[in-house]
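Because the structure is predicted, anything quoted here is derived from the model rather than measured. Reminder, nothing fancy here: chain letters follow the sequence lines and each chain counts from 1.
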Amino acid sequence: MKTKMKLRQGSFLWYLYLDKIYCLLSVRNVKTLVEYFHLLDAHHNNTLNDVLFYHFLKHVTNLRGTQIKIVFDMLDWNAVGEIGFDQFYVLVCILLSHQNHLEEQFMYRHSRPVFDLLDLDGELRIAASNFHTYRFLFNIKKQELKELFHDFDITGDRRLNYKEFKLYTIFSIDKSQERQKAEKEKENEKQKEREKEKGKEKWKSLLLKRMSRVSPESHLEKMRIEI
Amino acid sequence: MEEKPFKVSVKPQERRSSGRASPQDDIRNLWTTATLSQSQLNLPLAELCESFDEGGAVRHAAAAWLESRWELGEQGAAQPDGASVESEALEQELRRESSLESCLEEGDESRTTTESSLVSVPRVSRHTPHRAYWTEQQNRLPLPLVELMENEALEILTKALHSEPPTPPAPAKGSGGFRGVLQAVLQAPADPRAPHKFKATGGTSAGSTS
């Protein structure tokens, strides 16, 4: 599970827009998604079975078969063997947030649904193993996961309850904002340096032009005078 | 300007045979005859009064003609035979609106001069089919995206269909695929009690028909 999850460029989901603050689709996008869902619903049950779901994710993302099955088990929270539009919508939002690098924002804004999804056993606590299984959806690295449990497992039971998970989401979004600021500052510095270099080159070219305008005879006369 | 109506009014007053020359009537006559053209001076008062509105405003011949046209249009709207007149009027309105909209799209420079004259017209035009047109456009996806959505769904469904295992050949009536499998499952004898009679009738019927 080392490959990063990506949406297929040019697919229908790739053109949908996720709000950057609330990480939700607009009403218009939801309407189109409903139409898309109904097109895929070949059996007219308002659901997608495991076969359709598998081929949908296979077509739209670069996920492996095992990952797709894991995602299906996560979304089939009623254990019916089918997925309704609610779960489909959550999945699309997760995929789009991943595509647009909004994973921290998505987890912060929708911490409760994400927690419920990761709480597979229904114990109101997320085990490290479960989090490890689904970390590819939210682009969490192994080392980050270890640090997460080390820093936020306040109760010490090697599981995260909802409050601890919420603290983690707040911390992660603060961290991501700091990263973005640092990246912006770096870009600004680079741009300033480029501008300085451009300015220097301009000065050099101007000097060379001025030098070339002065005739060589005047140079020779100056040289003779000096001699 | 004031002298002219006075000069004009002299002649009709002399020609009227009513004989009542009160000052109020004189003023009324002045007002009623002030806007008359030269050609209408010779008309009797009764005919003149017909051409006035209730509010006293003068109804010129052109205005009367327009009003008659509107009346015809209203009557046509009420009657089913007047649909053609109504459609013509709508077409004329649409042409005006389209020309006005084209003017709006073209000139940013002419906005200041035409804004005052055109402000009222677009407001009216939005109440006509354009509002419905824009709301419909707002709700719809662009056509290329709709095609992409449909093509993608079709690809996914064909892949899902090809990935399914082949259906068993037993059910002849079934259409194949899930339906065929379901029918085979349904027709399979689940209860040992019932199907004996069913099988016997099936066999006798086949023998009788042959």
Taking atom [atom1] of [X] as the centre, report whether more than 12 heavy atoms of other residues, nucleotides or ligands fall under 6.0 Å from it.
X: A:Tyr22; atom1: OH; result: no
X: A:Arg179; atom1: CZ; result: yes
X: A:Lys69; atom1: NZ; result: no
X: A:Phe165; atom1: CZ; result: yes

Residue part contacting chain B, namely of A:Val27, when any heavy atom lies under 4.5 Å:
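No part of it gets close to chain B.
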
Given that the side chain runs from C-beta out, which part of B:Glu155 has a heavy atom under 4.5 Å from chain A: side chain, backbone, both or neither?
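For B:Glu155, the side chain is the part near chain A, not the backbone.
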
If you look at every heavy atom in [X] and [Y], which pair is closest and at what distance?
X: A:Phe12; Y: B:Met149; answer: CZ-SD, 3.6 Å
X: A:Ala42; Y: B:Leu157; answer: CB-CD2, 3.8 Å
X: A:His55; Y: B:Ile156; answer: C-CG2, 3.9 Å
X: A:Leu40; Y: B:Ala153; answer: CD2-CA, 4.0 Å

Check step by step if side chain to side chain contact (heavy atoms under 4.5 Å, CB included) holds for A:Glu35 and B:Val146.
CA-CA 10 Å; A:Glu35 287 182 24; B:Val146 171; 5.8 Å; no

Going by the rule side-chain contact (heavy atoms from CB on, under 4.5 Å), which residues pair with A:Gln180 if we only count those two or more places apart in sequence or in a different chain?
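Testing A:Gln180 for side-chain contact (heavy atoms from CB on, under 4.5 Å), a comparison that skips the adjacent residues, returns none.
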
side-chain contact (heavy atoms from CB on, under 4.5 Å) against A:Tyr15, all qualifying residues, sequence neighbours excluded:
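Partners of A:Tyr15 by the side-chain contact (heavy atoms from CB on, under 4.5 Å) criterion, ordered by chain and then number, come out as B:Leu145, B:Leu148.
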
Look up atom CZ in A:Phe56 and atom CD in B:Glu152, then write down how far apart they are to the nearest 0.5 Å.
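Going from CZ on A:Phe56 over to CD on B:Glu152, the span is 7.5 Å.
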
